[in-house]
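Just so it is clear, the values below take in all heavy atoms, side chains as well, and ignore hydrogens, waters and symmetry mates. We number each residue from 1, following the sequence as shown.
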Amino acid sequence: MASTTRHPSHRTSKQHFKVCFCFRRMFRLKVVVPPDEINTVFEEYSHDGIMTMDDMCDFLVEFQGENEGVTTHAQTIFDSLKHLNIFQRRGFHIDAFFRYLLSDLNGPLAEVYHDMTAPLAHYFLYTGHNSYLTGNQVSSASSTSAIINALKKGVRVIELDLWPNSRGDDVLVHHGGTLTSSVKLRPCLIAIKDYAFLASPYPVVITFEDHITPSLQDKVAKMLVDTFGDLLFYPENSHQMREFPSPERLKKKILISTKPPDSYESQDKRTLEEAPQRLEEYHDKSRVNYKDDSDDSDDEDDTPAYRDLISIRAGKPKGKLKNCLINHNQVRRLSLSEQELEDIAKNHGTDIIRFTQRNLLRIYPKGTRLDSSNYDPMIGWMHGAQMVAFNMQGGGHYLRYMEGMFRANGGCGYVKKPNILLNVNDIFDPKALRPVKTTLQVLVYMGDGWRSDFSPTHFDFYSPPDFRVQIGIHGVPADRDTKYTRTIEDDWVPVWNEEFSFPLRVPELALLYIKVVERDFSGSGDFGGQTCLPVSQLRQGIRAVRLRNRKGELYKSVRLLIQFHFLHNTL
């Protein structure tokens, strides 16, 4: 058991840990005060212990590197603090300045919004895999709740597997050939309509894994039109599309992506012969292969034909994998497993990037990931793959990288690919050795908030926690590195004051991963928070970095105070 006593002034406090029936350990808890380095910065930009509005503007421009809306931002800072007794009429002193530095007004990411008028192929899309599953790939439940949760996170690509029910008169969504439960298609479509644009106004793409008969495809077409109405984007002659529309043009639109159907006769035969196995490793072998046929529309129904609702046509040609990278006049979507991508990238990396400059590439987890684990998304991104499909219900650090990438561009679910992946005259070679372009310097000052968000004995029954920080870069292989602060023992408000340097060759793709671990005497570590941030949108200067739990949800109070600085290579 632990108990905390505080002095009435709240300037000192003590925490007692009960070790046995007759013995208690007492620890003096530090008051949260600015580190010496913060005091030094304040003295440089204040006069007689007071920072005025003009002083704050100088600090924001010269130290924090802010150039736009500085006066407005400074006024917002002053307005947020003037109700406190640490604020004075002429300005504020060190306690108020320190309060601002730790506040949400001083976050680490710049409010940068990308150009959204380029073709869809010029963006990374926040993409889900088997979006209806709530757990593993073998026996978990299928539910609209999983779809809703993904859309609330900002996911823009939802995958649904379509199968006929036992009577063959309705369409179910489930992972075929497994013990996963089923959910009807219509509720899934309604859930998508209701939550599609809650987190972002930019288009939602629904990818169908289609295992249904032509008559059920007609039924699906009617469901789509009835459910989405004018939200549904399906241009005439989409099979002749030479360039995808832009996200800006497709705002508040829903797109369907799947393979276009064969003639009904060959499709009926193929559907009847189709084996029930459905693990993802065999997706493209078990899917119905389709061709256009213009003689199958229902003259008595105004509903567009199923194939006419497909705005992003998907496919995978037979034969050698490298053949799929041939550029045609018509743009399309190609799907590869993570293993297929790794194999083809060994010798055809530049061909993949050239393909993705006009076409869409979707990468999905290999079939052995039955536990809904995920793979390294960077191999897809560094080859220009727009749709790196993830199991959003999974966990692990790879999912944290995915979340970090899509915190860029205001969290809208679309991130503009860097110019190095779009340059048609100088195709990016992922294997080429490059010089260092910039160096990111990270100075970890301190952390705070664990006492507010965790119980006194959450980390240790007998003493305050022993925290250390793990800081790493995840990017192209040459940029990857992980470093650690020392462990600060028995302190809820640890102060490290340690600086690390990360040379970056491709900073446009780099992610900064931060994790706090509590180290105890046994050598094992308890989780103390994490976050992942796109390096391309980091703001220089001293920033408050809020941490998240294992599910990616923000803690209410836990945060680190970190200074970021970029040294650009002028060679």
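The main-chain N or O of V442 is never found under 3.5 Å from a side-chain atom of E499 such that the two would form a donor-acceptor pair. With hydrogens and angles ignored, the 3.5 Å screen pairs no side-chain donor or acceptor of K153 with any backbone N or O of Y126. Formation of a donor-acceptor pair under 3.5 Å by the N569 side chain with backbone atoms of V436 is found in this model. A donor-acceptor contact shorter than 3.5 Å is absent between the side chain of S337 and the backbone of P365. Side-chain atoms of D448 never come within 3.5 Å of backbone atoms of V493 as a donor-acceptor pair (strictly under, hydrogens ignored). A donor-acceptor pair under 3.5 Å is formed between the side chain of R559 and the backbone N or O of S557. A donor-acceptor pair under 3.5 Å is absent between the side-chain atoms of Q386 and the main chain of L125, judged by distance alone. For the pair K417 (side chain) and A121 (backbone), a donor-acceptor distance under 3.5 Å is present. Using modelled atom types, one side-chain atom of T134 and one backbone atom of A141 make a donor-acceptor pair closer than 3.5 Å. Without hydrogens or angle criteria, E508 side chain to N419 main chain gives no donor-acceptor distance under 3.5 Å.
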Walk me through it: do R505 and D479 pass the test salt bridge (charged side-chain N to carboxylate O under 4.0 Å, His left out)?
CA-CA 6 Å; R505 293 158 181 82; D479 287 346; 3.8 Å; yes
side-chain contact (heavy atoms from CB on, under 4.5 Å) for L255 and K253? Distances and angles first, verdict last.
CA-CA 7 Å; L255 290 71; K253 292 294 183 182; 4.3 Å; yes
Any chance you could lay out the side-chain hydrogen bond (donor to acceptor under 3.5 Å, both in side chains) test for D161 and Y132, step after step, and finish with the verdict?
CA-CA 9 Å; D161 290 8; Y132 50 87; 3.0 Å; yes
Before giving the answer on side-chain hydrogen bond (donor to acceptor under 3.5 Å, both in side chains), spell out for T487 and R519 the whole-Å C-alpha distance, their side-chain angles and the decisive distance to 0.1 Å.
CA-CA 7 Å; T487 299; R519 309 286 294 178; 5.2 Å; no
For F406 and F124, run side-chain contact (heavy atoms from CB on, under 4.5 Å): C-alpha distance rounded to whole Å, both residues' side-chain angles, the deciding distance at 0.1 Å, then the answer.
CA-CA 9 Å; F406 287 98; F124 297 130; 3.9 Å; yes
What's the verdict on side-chain contact (heavy atoms from CB on, under 4.5 Å) for L133 and N391, showing C-alpha distance, side-chain angles and the deciding distance?
CA-CA 9 Å; L133 287 181; N391 296 306; over 6 Å; no
Please step through ring-ring contact (aromatic ring centres under 6.0 Å, His included) for the pair H474 and Y513, ending with a clear verdict.
CA-CA 7 Å; H474 191 70; Y513 182 65; 9.0 Å; no
Assess the residue pair Q357 and I427 against the criterion (side-chain contact (heavy atoms from CB on, under 4.5 Å)); give the C-alpha distance rounded to whole Å, side-chain angles, the decisive distance to 0.1 Å, and a yes or no.
CA-CA 10 Å; Q357 289 177 339; I427 301 298; 3.6 Å; yes
Start with the C-alpha gap between Q137 and S372, add the side-chain angles, then the distance that decides, and say whether side-chain hydrogen bond (donor to acceptor under 3.5 Å, both in side chains) holds.
CA-CA 6 Å; Q137 302 289 307; S372 292; 2.8 Å; yes
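Nearest approach of A150 to I158, heavy atoms of both residues: CB-CD1, 4.2 Å. Scanning both residues, F197 and I254, for their nearest heavy atoms gives CZ-CG1, 4.1 Å. In terms of heavy-atom proximity, T180 sits nearest to S142 at CB-OG, 4.3 Å. In terms of heavy atoms, M446 sits closest to V33 at SD-O, 4.4 Å. Looking at every heavy atom in both residues, A118 comes nearest to K416 through CB-CE, 3.8 Å. Closest non-hydrogen pair, S311 versus F244, comes out as O-CE2, 4.5 Å.
Under 4.0 Å is where a charged nitrogen must lie from a carboxylate oxygen, and between E338 and R369 at least one such pair does. Ion pairing between a basic and an acidic side chain is recognised when a charged N comes within 4.0 Å of a carboxylate O; D104 and R546 show such pairing. A salt bridge is absent between E553 and K152: the closest approach of a Lys/Arg side-chain nitrogen to an acidic carboxylate oxygen does not fall below 4.0 angstrom.
Proximity of V205 to L360: side-chain heavy atoms (C-beta onward) are nowhere separated by under 4.5 Å. By the 4.5 Å heavy-atom criterion applied to side chains, R539 and N106 are counted as neighbours. Using a 4.5 Å cut-off on side-chain heavy atoms (C-beta onward), H129 and N374 make no contact. By the 4.5 Å heavy-atom criterion applied to side chains, W492 and F459 are counted as neighbours. Inter-residue side-chain proximity for Q537 and R407 is flagged as unmet; no heavy-atom pair is nearer than 4.5 Å. For the pair Q563 and I542, the minimum side-chain heavy-atom distance is below 4.5 Å. A 4.5 Å side-chain heavy-atom check between D115 and H122 finds every atom pair outside the cut-off. The side-chain heavy atoms of R400 and L511, taken from C-beta on, include no pair separated by under 4.5 Å.
Between Y375 and Y398, the distance separating the two ring centers is not shorter than 6.0 angstrom. Taking the six-membered ring for Trp, Y45 and F97 have ring centres at least 6.0 Å apart.
For the atom pair CG (L361) and CG (L334), the distance works out to 5.5 Å, reported to the nearest 0.5 Å. A distance of 8.5 Å separates CZ in R362 from OG in S257, rounded to the nearest 0.5 Å. For the atom pair N497 CG and T485 OG1, the distance stands at 11.0 Å (nearest 0.5 Å). To the nearest 0.5 Å, atoms CZ (R543) and CG (L538) are separated by 10.0 Å. Between the CD1 atom of I77 and the NE2 atom of H73 there is a distance of 4.0 Å, given to the nearest 0.5 Å. Here CG of L336 is found 5.0 Å from SG of C324. Values are rounded to the nearest 0.5 Å.
At most 12 non-hydrogen atoms from other residues, nucleotides or ligands lie less than 6.0 angstrom from CD of E111.
Taking the six-membered ring for Trp and thresholds of 30 and 60 degrees, F500 and F502 have ring planes inclined between 30 and 60 degrees apart. The aromatic rings of Y555 and F527 sit tilted relative to each other, their planes meeting at an angle between 30° and 60°. Ring orientation note: the planes of H458 and F454 are tilted relative to one another, at an angle of 30° to 60°.
Residues passing the side-chain contact (heavy atoms from CB on, under 4.5 Å) test with D426, sequence neighbours excluded: N423. The side-chain contact (heavy atoms from CB on, under 4.5 Å) test applied to D429 returns T350, K431, A432, R434, not counting sequence neighbours. With sequence neighbours excluded, the residues satisfying side-chain contact (heavy atoms from CB on, under 4.5 Å) with N359 are N327, V331, R332, F355.
E159 and S131 share no side-chain donor-acceptor pair at under 3.5 Å.
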